[in-house]
Chemist: 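The structure's right below; bear with me while I get my questions together.
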Amino acid sequence: MVKVTYIEHDGTETTVEAAEGDSVMSAAIANGIDGIVAECGGSMMCATCHCYVDDAWTDSTGPRKEGEDDMLESAASEVKETSRLSCQIKLTADLDGLVVHLPEEQV
């Protein structure tokens, strides 16, 4: 299992465990994390799973996947250098302890 900590815009932290291979988005949905809407279910057709990867983890999660930049253009909250679509971050053992910050609004 891989631990992921979600930090809401108000500072509330929730840590969950998810299986390797799950996405950061699917782990959030399975654990009732507010702030990840995921309207398209992870098919990279919206930006309602927008998150900010914690600075300490940006190298580990890698660069944005092809198409993420296009989808992030429609994000409801500010897009930053660390912005990612959480559906495109697959959990691996190397990401155990990952921290992501959630924007104030998704839709």
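Numbers for residues simply follow the sequence, beginning at 1. Values below: all heavy atoms of this structure, side chains included; hydrogens, waters and symmetry mates excluded.
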Chemist: Test: ring-ring contact (aromatic ring centres under 6.0 Å, His included). Region: residues 40-85. Which pairs qualify, not counting sequence neighbours?
Modeler: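 As it turns out, the ring-ring contact (aromatic ring centres under 6.0 Å, His included) pairs with a partner in residues 40-85, which skip direct neighbours, are H50-Y52.
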Chemist: Please find the pair of heavy atoms, one from L91 and one from A27, that lie closest to each other, and give the distance.
Modeler: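 In this case the closest contact between L91 and A27 is CD1-CB, 4.3 Å.
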Chemist: Please list all pairs passing the ring-ring contact (aromatic ring centres under 6.0 Å, His included) test where one or both residues lie in residues 58-100, with sequence neighbours left out.
Modeler: none
Chemist: With sequence neighbours left out, write down each residue that passes salt bridge (Lys or Arg N to Asp or Glu O under 4.0 Å) with D69, or none if nothing qualifies.
Modeler: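 Per chain and number, D69 pairs via salt bridge (Lys or Arg N to Asp or Glu O under 4.0 Å) with R64.
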Chemist: Distance-only criterion, 3.5 Å: show the donor-acceptor pairs between side-chain atoms of residues 93-101 and protein atoms not counting sequence neighbours.
Modeler:
from: D96; atom 1: OD1; to: K3; atom 2: N; distance (Å): 2.8
from: H101; atom 1: NE2; to: D54; atom 2: OD1; distance (Å): 2.7

Chemist: Hey, does the side chain of Y6 reach the backbone of I33 with a donor-acceptor pair shorter than 3.5 angstrom?
Modeler: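 Absent.
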Chemist: If you look at every heavy atom in E39 and T48, which pair is closest and at what distance?
Modeler: N-OG1, 2.8 Å
Chemist: Specify the closest pair of heavy atoms between I36 and S86, including all atoms of both residues, with the distance to one decimal.
Modeler: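 What the structure gives for the nearest pair is CD1-OG, 3.7 Å.
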Chemist: Is D10 atom CG crowded by more than 12 heavy atoms from other residues, nucleotides or ligands, each under 6.0 Å away?
Modeler: yes
Chemist: Applying side chain to side chain donor-acceptor pair (under 3.5 Å) as the test, list every pair that has at least one member in residues 14-33; sequence neighbours left out.
Modeler: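 Passing the test, one end in residues 14-33: T5-T15, S23-S26.
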Chemist: Is there side-chain contact between V37 and C49, with at least one heavy-atom pair below 4.5 Å?
Modeler: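 No; the side chains remain at least 4.5 Å from each other.
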Chemist: Are L85 and I7 connected in a single hydrophobic cluster, I mean Ile/Leu/Val/Met/Phe/Trp/Tyr linked by side-chain heavy atoms less than 4.5 Å apart?
Modeler: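 Shared cluster, no.
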Chemist: Restricting to non-hydrogen atoms, name the atom on L72 and the atom on A47 that form the minimum distance, rounded to 0.1 Å.
Modeler: CA-CB, 4.5 Å
Chemist: Donor-acceptor pairs under 3.5 Å, side chain of residues 74-82 to any protein atom, not counting sequence neighbours: which ones?
Modeler:
from: S74; atom 1: OG; to: M71; atom 2: O; distance (Å): 2.8
from: S77; atom 1: OG; to: E105; atom 2: N; distance (Å): 3.2
from: S77; atom 1: OG; to: E105; atom 2: O; distance (Å): 2.7

Chemist: Answer yes or no: does atom CE of M45 have more than 12 heavy-atom neighbours from other residues, nucleotides or ligands under 6.0 Å?
Modeler: no
Chemist: Would you check if K65 and R84 make a side-chain contact, meaning some heavy-atom pair closer than 4.5 Å?
Modeler: yes
Chemist: Do L102 and D34 have side chains that approach each other closer than 4.5 Å (heavy atoms only, starting at C-beta)?
Modeler: no
